[in-house]
Number of protein chains: 4
Amino acid sequence: MSEHSWIQELLQIGGKEGQFSEKQLKILEAAVEMFAEKGYAATSTSEIAKKAGVAEGTIFRHYKTKKDLLLAIVTPTLFQSVAPFLAKEFVREVFDNEYETYEQFLRAVFSNRYAFVKKYLPAIRVLWQELAFHSEIKQCFQRVFTEHVYPKFARIVRHFQEKGELAELPVDSVIRLTITSLASFLAARFLLLPDHHWDDEAEMERTIHVLMNGLRR
Amino acid sequence: MSEHSWIQELLQIGGKEGQFSEKQLKILEAAVEMFAEKGYAATSTSEIAKKAGVAEGTIFRHYKTKKDLLLAIVTPTLFQSVAPFLAKEFVREVFDNEYETYEQFLRAVFSNRYAFVKKYLPAIRVLWQELAFHSEIKQCFQRVFTEHVYPKFARIVRHFQEKGELAELPVDSVIRLTITSLASFLAARFLLLPDHHWDDEAEMERTIHVLMNGLRR
Amino acid sequence: MSEHSWIQELLQIGGKEGQFSEKQLKILEAAVEMFAEKGYAATSTSEIAKKAGVAEGTIFRHYKTKKDLLLAIVTPTLFQSVAPFLAKEFVREVFDNEYETYEQFLRAVFSNRYAFVKKYLPAIRVLWQELAFHSEIKQCFQRVFTEHVYPKFARIVRHFQEKGELAELPVDSVIRLTITSLASFLAARFLLLPDHHWDDEAEMERTIHVLMNGLRR
Amino acid sequence: MSEHSWIQELLQIGGKEGQFSEKQLKILEAAVEMFAEKGYAATSTSEIAKKAGVAEGTIFRHYKTKKDLLLAIVTPTLFQSVAPFLAKEFVREVFDNEYETYEQFLRAVFSNRYAFVKKYLPAIRVLWQELAFHSEIKQCFQRVFTEHVYPKFARIVRHFQEKGELAELPVDSVIRLTITSLASFLAARFLLLPDHHWDDEAEMERTIHVLMNGLRR
DNA sequence: GATGAATGAGAGTTCATTCAT
DNA sequence: CATGAATGAACTCTCATTCAT
């Protein structure tokens, strides 16, 4: 019934239902939009309340502080951003030859994350923007990356290097080049020049093509 | 005598000397550092004044509003960021065969911008972070890019495509891939993982190498 | 079954039983403790609710306002504080030679009120502290005193002056000296220096002794 | 020129002049009056500002928090309350036979403290009322008492016991009885029944008389 | 009767900005 | 020019109270 389902989907970790009341969703939705537009520090709780159609006090009933509200948005977004790498079956899929080539793997990751960013753009904006200012978020990001994303990514890269598809560049560099190719395409596409005319399919294909040409043995 | 020469160098457009008084430089330096650390909106003018060792009123003697202070930092930084492309002789240098290949050109641009970012990191941080929140800055950025950087960059790319070095990809895509390769290397190096151990020379070389492999005919 | 019997005893005027439900007693007990510790104005109803283990709404079901809750505690405490003087048979006891001397009378009053304060300390604290801030309480106190306590006390003092035990000091002064001797002993003992080592019996005896030496003919 | 001289006199420790600006004195005066009337917790800073005729922000320019404002009033008042006992020459005066009897000494202390309380009544009210709620104040009070007031008082009492004027009661009890006699007279006179008709001279004389009769050998 | 989510007025505090000195 | 006290609007957050369940 609720129109806020996208927020609910994004923030619901573990798939429990009924986790958020109608008012809470309105608050979260309003907060995400305003934080994305003006930044956390420049957004007042009274603006959020007004936009959400609730009393200001209601916000603080659900989130003890304004910062808690930010974290309630940003933390799940952070985890969802790297969700594929957190899934238990993810690496097995790769090694079970679900993807025969790194290029196939890339294509899957790119289109999956493209869809993710497109769907949850405001929340990702907030995460990205506030990362710079809040050390808790930054540390959380770094921990998730080094403990979960990096090791799995590294195994995958080595796998395809052993198979002879990828050149013997340092694994770290391959990972960095891959991630920044994806991230910077998405940043350009959605953050920097969202109004530019984009042929998404073609541009993504070109990005992968150029990257693979560079990484291939 | 002043220790603030880096700020002075960055902000001084057109090379006039003595443009800034000692106090003004202290204010600017303090502002850059605090804005970079906590963000514009989360930094108070009283903090800046304290850090700069001046009275609060002094800030407003030089900059009518807090926002003016931000713009005084961000606008010159923005122009300096793309300074090579603004220089009159820049394109001519390329066509006069100063750079025989796109790769040479790339290498020059990369190392030049690498040095620039390294030197003026805090100011660039501020520019980058506030770009998202202030439409004036964003518009200024877009105007400079479309009016100055893009046309020159496009001519250069076409030049090397005609010389047969670069593949016949769409010019826009080549530009985008080039810029994001550079920008995302610098972002990873200086913003995201500044504490990671980096072999800058090698990593930059690899980045160029991979990019060229991808772009080459 | 209830552990709150002391509150019940204190607040129950006229001896009706079953006057308070279990939840109500919990609320009253929590309120007394918090008011005593932090003061009425600095205690929030939500704190009381939490400490009492009831919902916030429940408090307002029993007491229309927070102030009503205070008065529900303070008014009975006020009456109990001077209860002996309110008892019908009290003066008759004195004149029926139950106490042959003012000193005996004093001794009875002192030990009785000592026990009372010791038992109901938190409630008395609240009464004492809020007396200063709430004119209703102050007026109530003054009315009770002038209408009930003072006249009876005066008759008693005159009685022992006529019997020749007490010097012919002004009755008001005798009353004041007696009450403040008692009150300030109890205040020192229980409020100001509760952690000091006290030999209660001896100190009370000394207080009475000194007071009687002063008052005696 | 200022009409706030009484506040200035009370709060000025060490006699430095020009310590407080005009606005600051207005704030302090308004705060003392309101705290005395309604209590610290029930007084809002906006009320104080209005009464003082300054902007609310001005209060926080001088006192970082509301509590700091309270302490700025209460701490000096606490020290002034026991000032005679803090004076270096105080004990010497006693032993140099400035006071030949404890009664003379008492008379001097009583009239001195009577004048003090009368002059600074509102501040003393605040001190007295908030003592119960703020452990910092309570601890400060206890430290000052045990370290300065008590030892000097004890020497004086022993001095007059040795001279044979005072009975051999425990020193602590003599001190307690003396202080509570004074304090409770002042409390009754100024706090509890300020509107009652008092013959101050006579009542003080009676209090001393009764006390001395009790304490004398 | 009991609950607790919701409220909105008002709390203490911060802040960009002004202006007399 | 530089200062910093003063401002008052706006901020985050708390609270007594209400009311649908």
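Proteins come first, then strands; the chains are lettered A, B, ... in the order of their sequence lines, and each starts at number 1. Every heavy atom of this structure was used, including side-chain atoms; hydrogens, water molecules and symmetry mates were not.
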Check: Which part of the nucleic acid, if any, lies within contact of D/T58, taking any heavy atom under 4.0 Å across all strands shown: a base, the sugar-phosphate backbone alone, or nothing?
Finding: base
Next item on the list: Go through E/dG12, E/dA16, F/dT17 for me and flag the one nearest to the D/F60 side chain.
Entry: E/dG12
Note to self: For the backbone of A/A55 and the side chain of A/T58, can you confirm whether one donor and one acceptor N or O come within less than 3.5 Å of each other?
What the structure shows: yes
Checklist line | Euclidean distance, atom CD1 of residue D/I48 to atom C1' of E/dG12 [Å, nearest integer] | finding: 11 Å
Check: Short question: side chain of D/E47, backbone of D/S44 - any donor-acceptor pair under 3.5 Å?
Finding: yes
Margin query: Taking the minimum atom-to-atom distance to the side chain of B/A55, which one of E/dT17, E/dT7, F/dT3 wins?
Written below: F/dT3
Note to self: What is the separation between atom CD1 on C/I27 and atom P on E/dT3, rounded to the nearest whole Å?
What the structure shows: 8 Å
Next item on the list: Would you mind reading off the distance between D/K50 atom NZ and F/dT7 atom P, rounded to a whole angstrom?
Entry: 15 Å
Next item on the list: Measure from CD1 on C/I59 to P on E/dG4 and round the result to the nearest Å.
Entry: 12 Å
Next item on the list: Examine B/K38 relative to A/F133 and say whether NZ or CZ is less than 6.0 Å from the centre of the six-membered ring and inside a 45° cone about the ring axis.
Entry: no
Margin query: Between P on F/dA2 and OH on B/Y63, what's the gap in Å once rounded to a whole number?
Written below: 12 Å
Next item on the list: Would you name the heavy atoms of B/A36 and B/V126 that are closest together and state the gap between them?
Entry: N-CG2, 3.4 Å
Check: Using purine N1 to pyrimidine N3 plus N6-O4 or O6-N4 for Watson-Crick, or N1-O2 and O6-N3 for G-U wobble, each under 3.5 Å, what pairs with F/dT17?
Finding: E/dA6
Next item on the list: Please tell me which of C/T43 and A/A41 maps to the more 5' nucleotide of DNA chain F, matching each residue to the nucleotide holding its nearest heavy atom.
Entry: A/A41
Check: Taking the side chain of B/S44 as its heavy atoms from C-beta onward, which of E/dA16, F/dT12, E/dT7 lies nearest to it?
Finding: E/dA16
Next item on the list: Compare side-chain N and O positions of D/S46 against OP1 and OP2 of E/dG12 and report whether any pair is under 4.0 Å apart.
Entry: no
Note to self: If you assign each of C/G57 and D/Q24 to its closest nucleotide in DNA chain F, which residue comes earlier from the 5' end?
What the structure shows: D/Q24
Check: Between atom NZ in A/K66 and atom C1' in E/dT14, what is the gap in whole Å?
Finding: 13 Å
Note to self: Strictly below 4.0 Å: does C/K64 bring a side-chain N or O up to OP1 or OP2 of F/dT18?
What the structure shows: no
Margin query: Could you check whether A/H134 and A/Y40 have their ring centres less than 6.0 Å apart?
Written below: yes
Margin query: Need to verify one output field. Residue with the more 5' nearest nucleotide on DNA chain E, D/T65 or A/R61?
Written below: A/R61
Next item on the list: Scan D/T45 against the nucleic acid and name what it touches under 4.0 Å (heavy atoms): base, sugar-phosphate only, or nothing.
Entry: base
Note to self: So, does B/H62 get its side chain near the phosphate of F/dA2, meaning an N or O under 4.0 Å from OP1 or OP2?
What the structure shows: yes
Next item on the list: Provide, to the nearest angstrom, the distance between the CD atom belonging to B/E56 and the P atom belonging to E/dC15.
Entry: 9 Å
Check: Roughly how many Å is it from NZ in D/K67 to P in E/dA11, rounded to a whole number?
Finding: 19 Å
